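Working notes, beginning with the structure itself.
These numbers come from a predicted model, not from an experiment. To find a chain, count down the sequence lines: A is the first, B the second, and so on, and within it residues start at 1.
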Amino acid sequence: MSGKNAYDILQERGFIEQITDEEPIKDLLGNKSITCYIGFDPTASSLHIGSLVPIMSLVHMQRCGHQPLALVGGGTALIGDPSGKTEMRRILTREEIDINAEAIKNQLSRYLNFGEGKAILLNNADWLANLNYIEFLRDIGRCFSVNRMLAAESYRMRMEKGLSFIEFNYMLLQSYDFYYLSKNYNCVLEMGGNDQWGNIVAGIDLTRRLEEKKVYGMTFPLLATSQGHKMGKTEKGTVWLDADLTTPYEYFQYWINTEDADVKRFLALFTLLPMEEINETARLLDAELNMAKAVLAFEATKITHGQEAAVSAWAAAVSNFGLKPVSPSLFPSSVIPRTVAAVDMSAIPTVEKIREEFVSGFPAFELFHAVDLCATRSEARRLIQQGGAYVNDRQVKTFDENIGSGDIIDNEIHLRKGKKQHILIKVSQ
RNA sequence: GGAGGGGUUCCCGAGUGGUCAAAGGGAGCAGACUGUAAAUCUGCCGGCGAAGCCUACGGAGGUUCAAGUCCUCCCCCCUCCA
């Protein structure tokens with residue numbers, strides 16, 4: 001282990017937004033091995049990029065010898081956290097949540113080593129689902145002042161729009177989690193996005209009251225791009241961590257399209273490269289920054305999808321965009337390939353088709369739709385009309401241009417939407 | 001329980017009988033310019049093989065040649081009062 005402790009690392013990499021007690025936390029992270037927890041909501045079957053900051057913070061914790069405790073909120077998801085939301089969200093069924101919780105468990109294992117006490121994975125449904133209402137009110141509820149709760153930012157925001165009682169209880173349950181984990185797993189630090197500040201502080205208070213035990217909290221900045229766009233999660237194009245939902249190539253492309261102003265910050269947050277190397281990005285000018293973006297994309301893809309997937313995504317980008325190899329003097333710790341190896345299109349999403357289907361061929365717009373490059377035929381038609389559709393790098397001129405056997409090259413047809421979205425059709429007999 | 005105000009296309013938000021697939025903004029997509037960035041400019045932005053048709057304005061009915069717009073009932077949300 002290097003001279004830097006977990007606190008220093010999180011601090012210099014930009015993970016820390018707020019902490020409850022600076023000195024004690026520094027001391028804790030520097031001189032002891034502690035258990036720290038973060039909750040993950042199983043509201044979808046996969047986590048997305050928005051959860052990456054918390055995940056990476058746990059990765060750093062583990063690397064520094066602390067014990068991360070990942071808590072899947074199977075119980076709290078039944079309630080729904082109002083924090084940071086302007087409206088109540090759909091309440092999922094128990095079954096949906098269980099399925100999601102399981103998937104998220106698996107996903108987290110890709111980042112953290114859950115072996116032999118190195119990290120813990122729990123589901124709060126295990127203790128929340130069986131709580132007795134009256135008992136809970138008497139033991140836990142009495143510790144909460146409604147007046148204080150209403151002052152919390154997360155609730156205040158909702159006072160105009162309305163807040164249902166079920167959501168109002170969320171804070172109590174999350175607080176109970178912290179208390180429970182502190183008591184049973186000796187967890188002393190809860191971390192989370194900055195919107196969790198109120199919930200975290202409430203948990204600390206509760207633990208102090210019930211256990212007379214001092215525990216701590218830390219929050220991460222809520223990431224938006226420099227342009228103010230939400231990270232990863234847009235209604236349509238969420239960037240998932242699951243390779244089946246967002247291919248490694250798409251994932252790589254997401255990162256390489258990072259805005260200039262975000263490159264350095266993202267390298268610090270989403271890769272494990274040493275800060276000394278990351279700081280070098282400041283010296284890169286204009287187009288040179290693309291090398292830093294390539295490293296960011298490569299390293300981020302490697303962490304989520306593995307080395308092999310990262311290399312093929314990189315190779316595909318090289319072949320499709322003429323991405324320049326990264327000079328060996330930059331980011332020496334990165335294992336990104338430094339030379340253009342054999343061109344490899346394998347990372348581009350592919351679709352299988354049978355040769356027979358191409359005998360009569362498809363109108364171009366049909367094909368773009370069939371292959372999911374366009375959500376509807378109308379969209380495909382517009383795309384072609386606007387000159388954004390390419391077959392084997394040849395622009396499609398009319399929407400119903402026939403794409404048939406003649407377009408098959410080496411059993412493949414390469415379709416492209418705009419500059420960045422590719423699909424390879426593999427034609428079999 | 002009473003009174004009032006609302007539910008519009010991915011989001012915000014106009015629209016009070018035809019000219020409404022529905023203003024405007026945001027997001028998104030494509031094009032130009034570039035560095036696969038940003039900014040800017042342009043086009044697109046419910047679906048369907050053109051015209052045209054179909055589906056849409058919380059839900060169900062009704063009035064009308066014609067309804068997002070009027071009427072009835074219902075559901076949901078908000079505010080004030082109790």
Worksheet entry | For atom CG of L383(A) and atom P of G28(B), their distance in whole Å | 17 Å
Worksheet item: Rounded to whole angstrom units, what separation is found between the CZ atom of F368(A) and the C1' atom of A30(B)?
Response: 12 Å
Worksheet item: Taking atom P in both C80(B) and U72(B), what distance in whole Å separates the two?
Response: 27 Å
Item to complete: Would you tell me whether T376(A) and S378(A) have side-chain atoms, one donor and one acceptor, within less than 3.5 Å of each other?
Response: no
Worksheet item: Y249(A) and F252(A): aromatic ring centres closer than 6.0 Å?
Response: no
Discussion item. By nearest atom, which of the nucleotides U36(B), C48(B), G43(B) is closest to the K420(A) side chain?
Written reply: U36(B)
Discussion item. Taking G18(B) as the reference, what is the distance to A23(B) when you measure between their P atoms (whole Å, please)?
Written reply: 16 Å
Worksheet, complete the sentence: Nucleotide by nucleotide, nucleotides 49-56 of chain B touches protein heavy atoms under 4.0 Å in the pattern (B base, S sugar-phosphate only, - none) BS------
Practice prompt. For the pair E379(A) and R382(A), evaluate salt bridge (Lys or Arg N to Asp or Glu O under 4.0 Å) and give the outcome as yes or no after the intermediate values.
Written response: CA-CA 5 Å; E379(A) 190 190 316; R382(A) 273 178 237 126; 5.5 Å; no
Practice prompt. Please evaluate the base of G31(B) for a donor-acceptor partner in the side chain of Q386(A) within a cut-off of under 3.5 Å?
Written response: no
Discussion item. Say we look at A56(B) and A21(B): how far apart would their C1' atoms be, to the nearest angstrom?
Written reply: 8 Å
Item to complete: For U69(B) versus A14(B), give the span between their C1' atoms, rounded off to a whole number of Å.
Response: 13 Å
Worksheet item: Watson-Crick or G-U wobble partner for U72(B), using a 3.5 Å limit on both distances?
Response: A60(B)
Response to the item:
Side-chain contact check for L323(A): nearest option of U36(B), C29(B), G43(B) is U36(B)
Worksheet item: What does Q253(A) touch in the nucleic acid at a heavy-atom separation under 4.0 angstrom: a base, only the sugar-phosphate, or nothing?
Response: base
Worksheet entry | Separation of C29(B) C1' from L415(A) CG (nearest whole Å) | 17 Å
Discussion item. Applying side chain to side chain donor-acceptor pair (under 3.5 Å) as the test, list every pair that has at least one member in residues 285-299 of chain A; sequence neighbours left out.
Written reply: D260(A)-K293(A), E299(A)-S334(A)
Item to complete: State the pairing partner of C10(B); accept Watson-Crick or G-U wobble contacts with both distances under 3.5 Å, and report none otherwise.
Response: G26(B)
Worksheet entry | Heavy-atom donor-acceptor pair, D195(A) side chain to L222(A) backbone, under 3.5 Å | no
Fill in: Neighbour count >12 (heavy atoms, 6.0 Å) for atom CZ, R355(A)
yes
Worksheet item: Is the closest side-chain heavy-atom distance between I134(A) and R138(A) below 4.5 Å?
Response: yes
Worksheet item: G35(B) and C48(B): how far apart are their P atoms, nearest whole angstrom?
Response: 37 Å
Item to complete: Just name whichever nucleotide pairs with A67(B), Watson-Crick or G-U, keeping both distances under 3.5 Å, else none.
Response: none
Worksheet item: Which nucleotide in the set G35(B), U34(B), G47(B) lies at the smallest distance from any side-chain heavy atom of D260(A)?
Response: G35(B)
Worksheet entry | Distance between C1' atoms of G58(B) and C77(B) (Å, rounded) | 11 Å
Item to complete: Pick base, sugar-phosphate or nothing for Q395(A), based on heavy-atom distances below 4.0 Å to the nucleic acid.
Response: nothing
Worksheet item: Between the side chains of Y111(A) and T304(A), does any donor sit under 3.5 Å from an acceptor?
Response: yes
Worksheet item: For the ring pair F362(A) and H369(A), is the centre-to-centre distance below 6.0 Å?
Response: no
Worksheet entry | N402(A) (side chain) donor-acceptor with S360(A) (main chain) under 3.5 angstrom | yes
Worksheet item: Is the distance from OP1 or OP2 of G47(B) to the nearest side-chain N or O of R382(A) less than 4.0 Å?
Response: yes
Worksheet item: If the P atom of C45(B) is compared with that of C20(B), how far apart are they to the nearest Å?
Response: 16 Å
Worksheet item: Which whole number of Å gives the distance between the C1' atom of U16(B) and that of A67(B)?
Response: 10 Å
Worksheet item: Does any residue of residues 282-307 of chain A have a heavy atom under 4.0 Å from RNA chain B, and if so, which ones, in number order?
Response: D286(A), A287(A), L289(A), N290(A), K293(A)
Fill in: Strand partner of C45(B), provided both Watson-Crick or wobble distances fall under 3.5 Å
none
Item to complete: Mark yes or no for a side-chain to base donor-acceptor pair under 3.5 Å between K324(A) and U36(B), with no hydrogen or angle criteria applied.
Response: no
Item to complete: Scan side-chain atoms only and decide if Q174(A) and Q196(A) contain a donor-acceptor pair under the 3.5 Å cut-off.
Response: yes
